[in-house]
Amino acid sequence: MTRVIGTAGHVDHGKSTLIRALTGIDPDRLKEERERGMTIDLGFAWLTLPDGTDVGIVDVPGHQDFIRNMLAGIGGIDAVVLVIAADESVMPQTREHLAILSLLGIDRGVIALTKRDLVDDEWAALVREEVRQALRTSALADAPLVEVSATTGTGLDALTGAIAQVLGVAPPRRDLGRPRLPVDRAFTMSGFGTVVTGTLLDGVLGMGEEVELVPSGKRARVRGLQTHRRAIDQAHPGSRVAVNLTGIDKSELARGMVVVRPGSLAETSILSARVDVLDTVSAPLAHDDLVRVHTGTAEAMARASVLGSAELAGGASGWVQLRLQSPLAVAVGDRLVLRRPSPSETIGGGVVADVTGGRARRRADAAADLDRRTAPSAAKRVLATLDEPRTQQEIAERAALGAAERDSALAELQRSGEVVALADAFLSRAAFETLARRAERSLAMAHRASPLRSGAPREEIRASVGLPPKRWAAFLDELVKAGRVTVRATALALPSHEVRLDPAQEARWQKARAALQATPLQPPTPAQLESDYGIDRELLAALDERGDVMRLGSDAAFLPEAIRSFAGAVISELAAAGTITVARARDITGSSRRHVLPLLGFLDDRGVTRRSGDDRILVLEPDAAIQKIARATHREDR
Ligand SMILES: Nc1nc2c(ncn2[C@@H]2O[C@H](COP(=O)(O)OP(=O)(O)O)[C@@H](O)[C@H]2O)c(=O)[nH]1
Ligand SMILES: [Mg+2]
């Protein structure tokens, strides 16, 4: 098991000295730090607890000028060692660090009352009281408090024990299968090349993997992995990692970038977060304020839009959209801290709820939407993302859930019918209904516009719904299963839709019908039907659809009973003679060559007859042949 802890506390309270006493490693690695005796940037050390747990340590600067470095280091830790010097007690950065820990959701830790050798028991008791008072409303209110002296060594074992105790009950780090390493240091090492370090999150990173740097999109490959100077093949989430990268130059790397699997995390320039404003702020967070956003190891300047209200006063919380001046690589659920550049102060912070950059038309709408999307239960969060079809991956990202949580929420929602699966995606029942109604409306409109058509082209309805082909196919299946849409050859229709002729059309048809009946096997051509009776192509198609006529090819239309009588004559002749020629078929039916050809073709197509040289022969038994033609000329069976 590997864990990471970090220090926090006011400058000069003995953080770095304590880490050196615990680990033998001097976290102040810079020459300037050693000369000034003050931590400026992050320092790193590690120790092994008696139970074998490997603990990486991030030592942060306490001076207020370097708070941004503190913020870059503190984000990924499991627990904090809050250092308070017994001689000075609680100081400004003790409080500011405490507030930052709370904004970052770091709620586990140990209080180290250092420099115990400098004070007497009475003084120590007073300071303990003050410390408890300062922590009273924080998550560390009940954290173990250990009195130590790095100089004499007293209390160091007790401190180690308290750290072990706190880490022992810390939850395991999540593994979403999508490793990301927010870079806190990038440097070159002679003989190795480029190295970045950080606390690995959300997944396992392996030797040889191709990685991407976000922002920038530059690619590189993992040539070496170390944790606490030991070479490893795989780094696990929640461990301190040094990654040796090939294919990239140090000049292309910087603190704040994130190492990810290519394509697994996008940079963003607009994000929304639920922000708690500290009650110590000198002024409210107002609309359009310029703020510095700290998240992971990164920072960026941004303009803040307070959603849903004009401003957030001290102690208030609300939705804030941040328009970043340089992109950041963040995920939903990440913590962030907002600071004011001048006067320099921590404003507040909270949890990222959206990184898609969508701008809301109304700020109040955006706030309501974000409220929904961050609703507490996993199922509610999943459901809130499904206002349009989304893949499993998109759901996990937007709802900030791991694969297991997402899958069980999805299964629950599908069981209760609140979610519908569409091919590779899922959709809320409500959103599905919206699309279904849109499809029905489009069909109704198409039927009204073309009452003579049996249905509307699929593509036209698909376009109105706006689904890509695979999801559309699944969507249509659902509608057909539910009996809301019927498929008619290549067209789609509402089940209630019937081809209907208006009275004038009906009257024209009755005249044409009389003409067709007069000479059933030498009927007028479609062209004549149009010129003499006003039966245009569309009306003829409708009549065909209704079963009143049958078009054979594009140039012939017969009454169904004419086709049946033709077939009857031909089939009995074949039953008697075995074969029939075109001329014979014409003669026995009193038709003409021009009309006989499509009629014989129809029998061939239905598998009743077959050509044999110039003649035709019967394929089926005569009775079966008659029945087949009877079926083929009745509308319901076609
Ligand atoms: N007497 C005494 N001095 C200490 C102790 N711990 C740290 N110091 C001194 O306090 C000063 C600040 O320590 P440092 O570790 O740099 O503080 P940091 O800014 O919190 O990292 C240094 O001069 C240390 O030698 C301690 O337990 N006892
Ligand atoms: Mg220090």
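Side chains are part of it too, since the values below use all heavy atoms of this structure and drop only hydrogens, waters and symmetry mates. Remember, it's 1-based here, ligands and their atoms both numbered in the order they're listed.
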- Does any pair with a residue in residues 197-256 pass ring pair (Phe, Tyr, Trp, His ring centres under 6.0 Å), and if so which ones, sequence neighbours excluded? Trp46-His228
- Query: Which of the numbered atoms in ligand 1 are below 4.0 angstrom from a heavy atom of Ser149?
  - Reply: 27 (O)
- Task: Any atoms of ligand 1 less than 4.0 Å from a non-hydrogen atom of Lys15? List them with their elements.
- Result: 15 (O), 17 (O), 18 (P), 19 (O), 20 (O), 21 (O)
- Message: Heavy-atom pairs closer than 4.0 Å: do any link ligand 1 to the side chain of Thr151, the backbone, both, or neither?
- Response: both
- Query: Does the pair Arg339/Glu96 count as a salt bridge with the N-to-O cut at 4.0 Å?
  - Reply: yes
- Ser408 side-chain N/O to Glu405 backbone N/O, donor-acceptor pair under 3.5 Å: yes
- Query: Residues two or more places apart in sequence or in another chain: which of them pass side-chain contact (heavy atoms from CB on, under 4.5 Å) with Asp120?
  - Reply: Glu122, Trp123
- Based purely on interatomic distance, does Asp28 place a nitrogen or oxygen under 3.5 Å from a nitrogen or oxygen of ligand 1? no
- What protein heavy atom sits nearest atom 19 (O) of ligand 1, and how far off is it? Asp12 N, 2.7 Å
- Pairs involving residues 99-108, ordered by first then second residue, that meet salt bridge (charged side-chain N to carboxylate O under 4.0 Å, His left out) (sequence neighbours left out): none
- Ligand-side contact atoms (ligand 1) for residue partner Leu118, heavy atom cut-off under 4.0 Å: 1 (N)
- Message: Under 4.0 Å between a side-chain nitrogen and a carboxylate oxygen: does that hold for Lys15 and Asp28?
- Response: no
- Task: Take Leu140 and Val80 through the test side chain to side chain contact (heavy atoms under 4.5 Å, CB included) and record every step on the way to the result.
- Result: CA-CA 10 Å; Leu140 295 177; Val80 66; 3.9 Å; yes
- Do Glu394 and Arg398 sit within salt-bridge range, that is, some charged N less than 4.0 Å from a carboxylate O? no
- Query: Are Phe44 and Ile57 side-chain neighbours, meaning at least one heavy-atom pair lies under 4.5 Å?
  - Reply: no
- Message: Walk me through whether Leu290 and Met301 qualify under side chain to side chain contact (heavy atoms under 4.5 Å, CB included).
- Response: CA-CA 7 Å; Leu290 188 63; Met301 295 302 293; 3.6 Å; yes
- Query: Are any non-hydrogen protein atoms located under 4.0 Å from atom 23 (O) of ligand 1?
  - Reply: no
- Task: Return yes or no for this condition: an N or O of Thr17 is under 3.5 Å from an N or O of ligand 1.
- Result: yes
- Message: Is any side-chain heavy atom of Asp334 closer than 4.5 Å to one of Arg180?
- Response: yes
- With 2.8 Å as the limit, jot down which protein N, O or S atoms are around the Mg ion (ligand 2). Ser16 OG, Thr39 OG1
- Message: Do Glu345 and Ser282 pair up side chain to side chain, a donor and an acceptor below 3.5 Å, judged on atom types alone?
- Response: yes
- Asp59 and ligand 1 - part of the residue with a heavy-atom distance under 4.0 Å: neither
- Query: Within the structure, does Val148 bring an N/O atom to less than 3.5 angstrom of an N/O atom in ligand 1?
  - Reply: no
- Message: Are more than 12 heavy atoms, taken from residues, nucleotides or ligands other than Asp249, located less than 6.0 Å from that residue's CG atom?
- Response: yes
- Note on the structure: Looking at Ala21, Ala150, Gly155, Ala85, the heavy atom closest to atom 27 (O) of ligand 1 belongs to Ala150
- Is the closest heavy atom of Asp117 to ligand 1 under 4.0 Å? yes
- Query: Judged by non-hydrogen atoms, does Lys115 sit under 4.0 Å from ligand 1?
  - Reply: yes
- Item | Heteroatom proximity flag, Gly14 to ligand 1, N/O under 3.5 Å | yes
- Task: List the closest protein heavy-atom neighbour of atom 16 (O) of ligand 1: residue, atom name, distance to the nearest 0.1 Å.
- Result: Gly37 O, 3.9 Å
